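Structure first, commentary second.
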Amino acid sequence: MQLSLITRLELFLFKILAFCLPFSVEIDIAGESRIHFPTEILIGLLAVLLAIDLLKNYSVLKSEYPGELLWIVPLVAAYILFILFSEMPEVSAKFSLVNIIYILIFYVLQVRLFKLDQGLFPQLLLIYSLGLIAVTGWAIFRYHTFEWNPVVVPGIFRPFYRDHTILGASAALLAVFWLCFSFMTKMAVSRFVSVALAIFFLLLVIFSGSRAAFFSLFISLSVGVLFLLRFRTRHVLLLLFSLLLTAFFFGGTIREKLLDNLAESRNPNAGYVEHFRSAGNISTDASNLERMNRWVAAWRMFTARPLTGFGPGTYQFTYIPFQEESLKTHLSVEDPLDIPENSGGTAHSEYLLVLSEMGILGFVALILFFGRLMYVVFDKSYGHNQKIKIMVAFSALAGYWFHALFNNFLNTEKFAFLFWGMAAWLIANYYDTDEKGILPGG
């Protein structure tokens with residue numbers, strides 16, 4: 001197929017963007033304004049090309065994916081609509097614009113590009129992975145300069161990754177993809193490289209110290225195993241019912257165990273086992289208490305404005321009066337312009353963040369899109385080769401759906417590229433009718 005000049009430019013810019021994303025840094029421009037350089041410039045160029053492309057090829061896009069893009073329209077509409085009800089309209093306008101561009105570039109545009117080039121997404125992830133490996137090398141060098149002191153691990157990936165949890169979430173998604181990819185490809189070299197990358201990113205998840213990323217990795221792999229065992233919907237419902245019964249009958253015992261767990265995530269003398277055990281410490285762990293404080297604040301904001309929320313992007317400026325005093329620690333924020341060291345972040349939950357900022361309608365829009373992706377997995381109208389790739393994509397996405405209970409990264413370009421790209425790959429494969437092989441040349 002002869003590709004247009006615009007499409008060729010889009011493909012070229014995406015490959016440049018994929019490599020630059022791990023290296024992007026936040027720089028000041030024009031007073032208090034900041035941009036992520038050079039990625040926001042590249043994303044802006046892609047947005048211009050997409051606008052031109054849609055004006056010329058919108059009818060083609062509709063015919064290739066009849067009605068599919070409508071599933072993302074409610075979320076885009078929510079970002080626009082709730083600017084009108086925002087406590088800080090200017091903040092909401094900027095936040096909404098960024099998120100809408102991420103959706104349009106990383107999801108809408110990539111769905112089309114992945115359909116044109118079946119091997120593009122693995123190429124982009126390989127390019128991104130190489131960049132992240134280089135960043136990890138930089139972090140290890142910095143770790144050495146600090147004499148291998150584990151206390152500094154959360155900050156050694158700066159200025160490229162401002163937070164070790166974003167790095168952990170990215171590494172977890174990549175680890176799942178490359179592990180599954182090693183079973184998909186038929187080429188020995190590709191299989192060896194995939195296994196090596198999977199092991200590297202698995203170790204990086206552990207090294208990052210992100211507890212949510214570690215457990216999300218476990219969720220992704222568990223979903224993958226269920227696919228291998230050819231599970232059915234009734235099996236999943238039975239499993240969920242069993243978990244609910246366990247929580248109902250043994251809830252008191254589980255709570256006692258949690259209260260007795262005094263492992264500290266920020267203990268410099270703690271090993272990795274105790275660090276991950278600290279995820280269950282709801283009594284003394286400052287990180288966990290502050291996270292619960294943010295959740296309570298988000299829920300209170302939702303109950304105060306259940307239909308409209310406080311406006312996209314406003315949580316970090318408006319949640320302070322809604323905090324729970326009994327959950328406050330030295331990490332708690334009293335002034336959004338004066339954040340304690342190692343604190344920050346917003347609602348620490350993708351779902352509660354949407355509820356607090358865009359109310360129940362925004363939440364329904366987000367869940368509607370996630371639900372569409374889940375439906376695709378259980379649809380049996382596509383071929384075997386597409387089924388494998390769709391299951392791989394779903395396994396990776398499922399890990400973040402779990403992780404999203406504890407963090408929110410869809411408004412960061414480094415992770416948004418991975419998440420929306422994985423969703424785009426899933427949908428592109430759903431509409432792919434080519435049964436020649438698992439991968440081009442594979």
Side-chain angles (χ1 to χ4, degrees), residues 1-4 6-19 21 42-43 45-47 49-50 53-54 56-58 60-72 101-129 173-174 176-178 180-181 184-185 190 194 369-370 372-377 379 381-397 400 413 415-442:
M1 178 187 297
Q2 183 66 35
L3 301 178
S4 67
I6 291 178
T7 300
R8 292 200 298 271
L9 283 172
E10 289 168 344
L11 290 169
F12 174 74
L13 286 175
F14 255 116
K15 292 175 182 179
I16 300 296
L17 176 63
F19 183 73
L21 277 166
L42 294 169
I43 292 170
L45 291 173
L46 282 165
L49 291 175
L50 175 61
D53 207 11
L54 288 178
K56 289 184 175 182
N57 302 296
Y58 182 64
V60 175
L61 200 63
K62 287 199 300 182
S63 64
E64 287 184 353
Y65 310 102
E68 187 60 47
L69 296 181
L70 293 177
W71 292 96
I72 201 64
I101 288 177
Y102 287 168
I103 293 171
L104 293 177
I105 300 302
F106 297 149
Y107 178 69
V108 175
L109 178 55
Q110 287 198 120
V111 166
R112 182 166 182 266
L113 294 180
F114 294 160
K115 183 66 168 60
L116 295 173
D117 184 352
Q118 294 182 14
L120 178 60
F121 186 58
Q123 290 176 28
L124 293 178
L125 286 197
L126 178 60
I127 294 170
Y128 184 103
S129 297
L173 190 147
L174 290 169
V176 173
F177 176 83
W178 289 119
C180 296
F181 191 86
M184 290 166 53
T185 182
S190 296
S194 299
F369 178 71
F370 288 176
R372 171 57 181 171
L373 298 179
M374 293 178 187
Y375 169 81
V376 166
V377 178
D379 189 1
S381 63
Y382 46 80
H384 176 70
N385 292 333
Q386 285 68 41
K387 181 178 181 180
I388 294 173
K389 289 183 277 188
I390 286 172
M391 288 181 175
V392 169
F394 183 80
S395 297
L397 291 171
Y400 184 67
E413 87 281 18
F415 187 78
F417 168 79
L418 297 174
F419 177 87
W420 291 112
M422 193 67 71
W425 193 57
L426 186 153
I427 293 299
N429 282 299
Y430 180 59
Y431 285 92
D432 183 19
T433 58
D434 183 9
E435 286 289 335
K436 294 179 181 178
I438 300 297
L439 291 168

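Keep in mind the model is a prediction, meaning the values are calculated, not measured.
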Evaluation steps, side chain to side chain contact (heavy atoms under 4.5 Å, CB included), between Glu10 and Thr7: CA-CA 5 Å; Glu10 289 168 344; Thr7 300; 4.2 Å; yes
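For the ring-ring contact (aromatic ring centres under 6.0 Å, His included) test with Trp420, the passing option among Phe369, Tyr400, Trp425 is Phe369; the others fail. Paired with Leu418 under the rule side chain to side chain contact (heavy atoms under 4.5 Å, CB included), one option of Leu21, Leu174, Leu397 passes, and it is Leu174.
Two residues are said to be in side-chain contact when any heavy atoms from C-beta on lie closer than 4.5 Å; Arg372 and Ile72 fail this criterion. Side-chain atoms of Leu3 and Asp117, non-hydrogen and from C-beta on, never get closer than 4.5 Å to each other. At least one side-chain heavy atom of Leu373 sits less than 4.5 Å from a side-chain heavy atom of Ile427. With a 4.5 Å cut-off on side-chain heavy atoms, Ile43 and Tyr102 count as touching. In this structure, Leu17 and Leu13 have side chains that are not in contact, with every pair of non-hydrogen atoms separated by 4.5 Å or more. Side-chain contact between Glu68 and Val111 is absent, with no heavy-atom pair separated by less than 4.5 Å. Proximity of Met422 to Val392: side-chain heavy atoms (C-beta onward) are nowhere separated by under 4.5 Å.
Between Phe417 and Phe106, the ring planes lie perpendicular to each other; the angle is over 60°, past the 30° to 60° tilted range. In this structure, Phe181 and Trp178 have perpendicular ring planes: the angle between them is above 60°, well past the 30° mark.
If you take CD1 on Ile101 and CG on Leu109, they are separated by 12.5 Å, rounding to the nearest 0.5 Å. Interatomic distance, Lys15 NZ to Gln123 CD, rounded to the nearest 0.5 Å: 4.5 Å. With values rounded to the nearest 0.5 angstrom, Phe14 atom CZ is found 10.0 Å from Leu49 atom CG. Interatomic distance, CG of Leu45 versus CD1 of Ile105, reported as 10.0 Å (0.5 Å rounding). Interatomic distance, Leu50 CG to Leu46 CG, rounded to the nearest 0.5 Å: 8.5 Å. Atom-to-atom distance recorded for Leu42:CG and Phe12:CZ is 9.5 Å, nearest 0.5 angstrom.
Taking the six-membered ring for Trp and the full ring otherwise, Tyr107 and Trp71 have centroids separated by 6.0 Å or more. Residues Phe177 and Phe121 place their aromatic rings such that the two centres sit under 6.0 Å apart.
Heavy-atom minimum distance, Ala393 versus Leu426: CB-CB, 3.8 Å.
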